[in-house]
Amino acid sequence: MEKIESHACFGGSQEVWTHASHTLACDMRFGVYLPPQAATARCPVLYWLSGLTCTEQNFITKAGVQRYAAEHGVIVVAPDTSPRGAEVPDAEGYDLGQGAGFYLNATQAPWSTHYRMHDYVVDELPALVEARFNASTARGISGHSMGGHGALVLYLRNPGRYRSVSAFAPIVAPTQVPWGKKAFAAYLGEDRDAGRDWDACALLASLAPDAQRLPLLVDQGEADEFLATQLRPELLEQACRASGHPLVLRRHAGYDHSYYFIASLIGEHVAHHAAALHA
Ligand SMILES: N[C@@H](CCC(=O)N[C@@H](CS)C(=O)NCC(=O)O)C(=O)O
């Protein structure tokens, strides 16, 4: 593991690390913000999952999360959105292949060798982070768009693994919208049941009565260009209502899909996570 960037930031440091991932069979980069509190105490970790076309850079350079992470004593880890490199399969278009890993474990050739972002984010990355940095095992998860889908699905598939969850403009029902249909057909094949295992609304529909139910915070811009076609938050509202899952879904007039929207509300998300992670 090698540090390739380090910048003093709000009394802590914003770093980028690279390492050879055994899960993804390629070199990976991730951003990690270490708040000032991490110099002297173990801090909880918020994992951030970015959306289509992003690398580890988008969130750390555009969201302004560091001020809030420093205030609340939370480490923030932002992985890349897919496996990377010349040896990793890719596709035409921004919504499949590199930059579009969808936080699942692919089962279909040629994707299945490298595209295992679920296992990378849930297992390999936290093990690295908790061994290398002054990190506790208290974990929260959040993300945007494809990464919002990732945050919801990783939480729902791994009860007990996270103490807090939130999302910005998430894809909530990938089996019902064009981005998800295209990616799932490639990564998982045409089997509809396979897709349901990676679809937040479908997972909510089969949630056990005694399953962990964390308070879920979701923010959505009403001027988001993908709202009606790809995101469809009303499906999440219906699924949460039907399964008795708590949800605070806030709709914000005038906000689009960009990081300007995320930057406007990231402080409230960090506070939401910190309250649970420090409890
Ligand atoms: N309009 C984009 C669609 C992809 C997109 O909007 N990506 C979002 C996540 S789904 C993003 O975070 N983009 C990078 C950024 O804004 O920094 C394109 O055609 O490339």
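Just so it is clear, the model here is predicted, and its values are computed rather than measured. We count ligands from 1, going down the list as the structure has it; atoms in each ligand are counted the same way. Quick note: numbers below take in every heavy atom, side chains included, and nothing from hydrogens, waters or symmetry partners.
Per-residue contacts place His257 under 4.0 angstrom from the following atoms of ligand 1 (heavy atoms of the residue considered): 6 (O), 10 (S). Which parts of ligand 1 touch Thr53 is read off a 4.0 Å heavy-atom cut-off, strictly below it: atoms 4 (C), 7 (N), 13 (N), 14 (C), 20 (O). Residue Gly51 has at least one heavy-atom neighbour below 4.0 Å for each of these atoms of ligand 1: 9 (C). Set against the non-hydrogen atoms of Ser145, the atoms of ligand 1 under 4.0 Å away are 10 (S).
Nearest protein heavy-atom contact of atom 7 (N) of ligand 1 is Leu52 O, 2.9 Å. Protein heavy atom nearest atom 17 (O) of ligand 1, with residue, atom name and distance: Lys62 NZ, 2.6 Å. Residue, atom and distance of the protein heavy atom nearest to atom 12 (O) of ligand 1 are Cys54 SG, 3.2 Å. Closest to atom 19 (O) of ligand 1, if we only count protein heavy atoms, is Tyr94 CE2, 3.7 Å.
For atom 2 (C) of ligand 1, no protein non-hydrogen atom is found at a distance below 4.0 Å.
Polar contact check, Tyr259 against ligand 1: no nitrogen or oxygen pair lies under 3.5 Å apart.
Aromatic ring orientation, His144 versus Tyr259: perpendicular (interplanar angle above 60°, classes split at 30° and 60°). Taking the six-membered ring where tryptophan is involved, the planes of Trp179 and His257 are tilted, since the angle between them lies from 30° to 60°.
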Verdict with supporting geometry, Trp17 and Arg29, side chain to side chain contact (heavy atoms under 4.5 Å, CB included):
CA-CA 6 Å; Trp17 288 71; Arg29 291 180 176 192; over 6 Å; no
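Cluster membership for Tyr155 and Val153, using ILVMFWY side-chain heavy atoms within less than 4.5 angstrom, is shared.
At a 4.0 Å cut-off, not a single heavy atom of Ser258 sits close enough to ligand 1 to count as contact.
Between Glu124 and Arg116, none of the side-chain N atoms (NZ, or NE/NH1/NH2) sits under 4.0 Å from a carboxylate O, so this pair counts as no salt bridge. With respect to Glu234 and Arg232, a salt bridge is recorded, a charged nitrogen being found less than 4.0 Å from a carboxylate O.
For the side chain to side chain contact (heavy atoms under 4.5 Å, CB included) with Val16, the qualifying choice from Glu2, His7, Lys3, Gln57 is Gln57, the only one to do so. Just one residue in the list Arg139, His118, Gln212 forms a side-chain hydrogen bond (donor to acceptor under 3.5 Å, both in side chains) with Asn158, and that residue is His118.
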